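Shown next, in structure tokens, is the structure this report addresses.
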Amino acid sequence: MAEEKYLLEVKNLCRHFTSGKGKNKLTVKAVDDVSFAVRPAETFGLVGESGCGKTTTGRTIIRLYDPTDGKVIFDGREISGPMTKELRQYLTDNIAMIFQDPIESLNPRMTIEEIVGEGLAVRGMKDKEEIRKMVHEMLEKVGLTEEHATRYPHEFSGGQRQRVGIARAMIVKPRMIIADEPVSALDVSIQAQVINLLNDLKEEMGLTILFIAHNLSVVKYFSDRIGVMYYGRLVEVANGDDLYAKPLHPYTKALLSAIPEPNPITERTRQRVDYDPERDHDYSEEQPTMVEVEPDHFVYCSPSELKAYRKQLGIAD
Amino acid sequence: MKYIDHNIPEEILNIPAEQFELVERENIKDEKFKTEPIGFFKDAMRRMGKSKPTMISLYIIVAIIIAALIVPLFTGYKYDEQNVSFKNLPPKIPGIEKLGIADGSRVLTNRKASSLEDPDRFPEGCIIEIVNEYEYKGTPVVDVKVDYYKYLGVPEDQYHWFGTDYLGRDLMTRLFRGTRISLLIAFFSVITNVIIGVIYGAISGYYGGKVDMLMTHFAEVLDGLPYIVMTILFMILLGPGMFSIILALCVTGWIGTSRLIRAQFYRFKGREYVLAARTLGVKDITLIFRHILPNTVGPLITRAMIAIPGAIFSESFLAYIGLGISPPEPSIGILLADGQNVLLQYPNQTLFPAILISLLMIAFNLFANGLRDALDPSQRGEE
């Protein structure tokens, strides 16, 4: 990729899970040879069906899982190496995560103030009053009131809880946020609310966001660039508009064709495109690689497919 | 995207974006809650208060504990005060004695009818009634119900509510002092077990993998040791006493707790809020004790509550087979062991400790059940 400055670079990242021993050994390649890069202050969307490895990618970047292979570089520093105290500190100072399930992601035995203030306490802030003040400020920012600080998570609605989760991630002033399906557990009206909040905070704090989701319309609304994952691999990366206007990879086409349309007349006759890797690709002779078809538009394809894609886009070889 | 034929006019289908107006795009602002904040424990206590059996058993437990603390002070006897001439007295309780129960009477069997006249054998006024008259080898024999207190010449104002034992010691004093000791042993052994079990299970469950495997196997090996043999060894090594018994109850007692905690850790350590705390850089020790452990507190308390009657019962069992604390100190088990030697002649010596230990067991079990329901309402009614 170009010598542009990236905030986060993921190079050939692999995360395999194994179970069993000897001949019963099973390896699941949850993330297999994934490479992408995120520019500062950009929102990078990662989409794909359930179980395709989006969440694992996010969690491997923030080191909830250790990578099997490959490199992750954050702002020029490798963060995929052996875990040291100093690296953990660097990681947690710079990257924060927002989780999918608003019920699961808040400890039911802690008050909101404890949950949100924990990041500060971990960073050595001792003054309880100061922590409280900052927690209150943060709660105001996400649309909650001071009074909510003494409450327990079960007293809140899903959207409110997710905003608490956002406050928890934001209070440590990270440079990057990994948002792991932050809205997929919320109902549609609340989704917009939370997404708008994230957008506002992003602009206000100059955040970079890695946005993991399976809802394409949400990703389209929110992301500058989008990566499509299938079965542990990244199959297409492009600018948001490009991806929607001229999808190349058959899986991307299949995904796009699955978006419901808000027009009942056309929705009734919407054509779904199927994707079957066995049928759609012939990799018996040529090995597929990640290729830049046009500037900022990468597709995972074999040389002959590349030719076809180029033709489709009307670019000469 | 293909559009099919429809009757919608073009101008409706192609409304320019500028004509749309946002209905609402202001900052989100939530209202304050109108209710009082309710913490987890407050909520659990409120739920517990609604359950009658739980509250009744709680009252019983509290009453027994208070009785164990104060009754030995007010009986007027000491637990080791012997008076062999007043041994094996039946119960006599002021007030109730007039109703014909607990009046200090006993039936003496197979007495020569002639001896009833002898004031040395049967002091004046001690005979209440003759229950049975028959002949044995030509001699008239009677079963006679006597006021045993008068029969033995016990002073008028001396009452033994539960009677006395084979050394003439007041049973009520001994019973409640014994309860105190049994409860002490139970509480200490359970607290030790919980502490060891929580730490061991937490480490084993949190780290998992090889650490977990080694720790689990070690616990299994320990669990295989025969516990009576170990108790005997402790008795030999440290001499009989409370300490040896507590130690004997602790050697293997914590394993159950550690298994429970380990399972709970496996359940909770992958939860998103734990992951969230990890991404914030929270240390392992904080994760274990601040984030995961409080969520296991429900099953833990329940288990501890169930373990208390278990420990009381184990102590009684050990005392019963002669491995109890050293005399003259009583415990419920020792009283039962002593009582069963004379079960047919003096059933009261077994009856009162048996009632008390049954009450304790039932109350603790019911209370533990209620507590579990209160702490974890989703498991209500499961056994």
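In this text the structure is predicted, and so the values were computed from the model without any measurement. Quick note on labels: first sequence line is chain A, next is B, and so on, each numbered from 1.
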Checklist entry - If you look only at pairs with a residue in residues 52-66 of chain B, which of them pass as a side chain to side chain donor-acceptor pair (under 3.5 Å), with sequence neighbours excluded? => result Ser51(B)-Thr54(B)
Checklist entry - Considering heavy atoms only, which positions within residues 164-185 of chain A lie below 4.5 Å of chain B? => result Arg168(A), Val172(A)
Item to check | Straight-line distance of Arg271(B) CZ to Asp101(A) CG, nearest 0.5 Å | outcome: 9.5 Å
Item to check | Side chain, backbone, both or neither of Ile62(A) within contact of chain B (heavy atoms, under 4.5 Å) | outcome: side chain
Next on the checklist: Are there over 12 heavy-atom neighbours, none belonging to Asp241(A), within less than 6.0 Å of that residue's CG?
Outcome noted: no
Item to check | When Glu146(A), Met97(A), Met110(A), Gln89(A) are compared by non-hydrogen pairs under 4.5 Å with chain B, the top option | outcome: Met110(A)
Item to check | ring-ring contact (aromatic ring centres under 6.0 Å, His included) partners of Phe218(B), counting only residues at least two apart | outcome: none
Item to check | Shortest non-hydrogen contact from Ser105(A) toward Tyr273(B) | outcome: O-CB, 3.2 Å
Item to check | Test log, rule side chain to side chain contact (heavy atoms under 4.5 Å, CB included), inputs Leu275(B) and Arg59(A) | outcome: CA-CA 9 Å; Leu275(B) 297 181; Arg59(A) 290 187 177 180; 3.5 Å; yes
Checklist entry - NE2 of His291(B) to CD1 of Ile115(A): how many Å apart, nearest 0.5 Å? => result 9.0 Å
Checklist entry - Is it the case that more than 12 heavy atoms not belonging to Phe188(B) sit under 6.0 Å from its CZ atom? => result no
Exercise answer: donor-acceptor pairs, residues 279-290 of chain B side-chain atoms, under 3.5 Å, sequence neighbours excluded:
from      : atom 1 : to        : atom 2 : distance (Å)
Thr279(B) : OG1    : Ala276(B) : O      : 2.6
Asp284(B) : OD1    : Tyr206(B) : OH     : 3.0
Asp284(B) : OD2    : Tyr207(B) : OH     : 3.2
Arg290(B) : NH2    : Glu114(A) : OE2    : 2.9

Next on the checklist: Looking at Phe313(B), I want to see if its CZ is surrounded by more than 12 non-hydrogen atoms of other residues, nucleotides or ligands under 6.0 Å.
Outcome noted: no
Next on the checklist: At a 4.5 Å cut-off on heavy atoms, which part of Arg270(A) comes close to chain B: side chain, backbone, both, or neither?
Outcome noted: neither
Checklist entry - Take atom NZ in Lys253(A); do more than 12 heavy atoms of anything else shown fall under 6.0 Å from it? => result yes
Checklist entry - For Ile95(A), is it the side chain, the backbone, both, or neither that has a heavy atom closer than 4.5 Å to a heavy atom of chain B? => result backbone
Next on the checklist: Can you tell whether the side chains of Glu118(A) and Arg278(B) come within less than 4.0 Å, N to carboxylate O?
Outcome noted: no
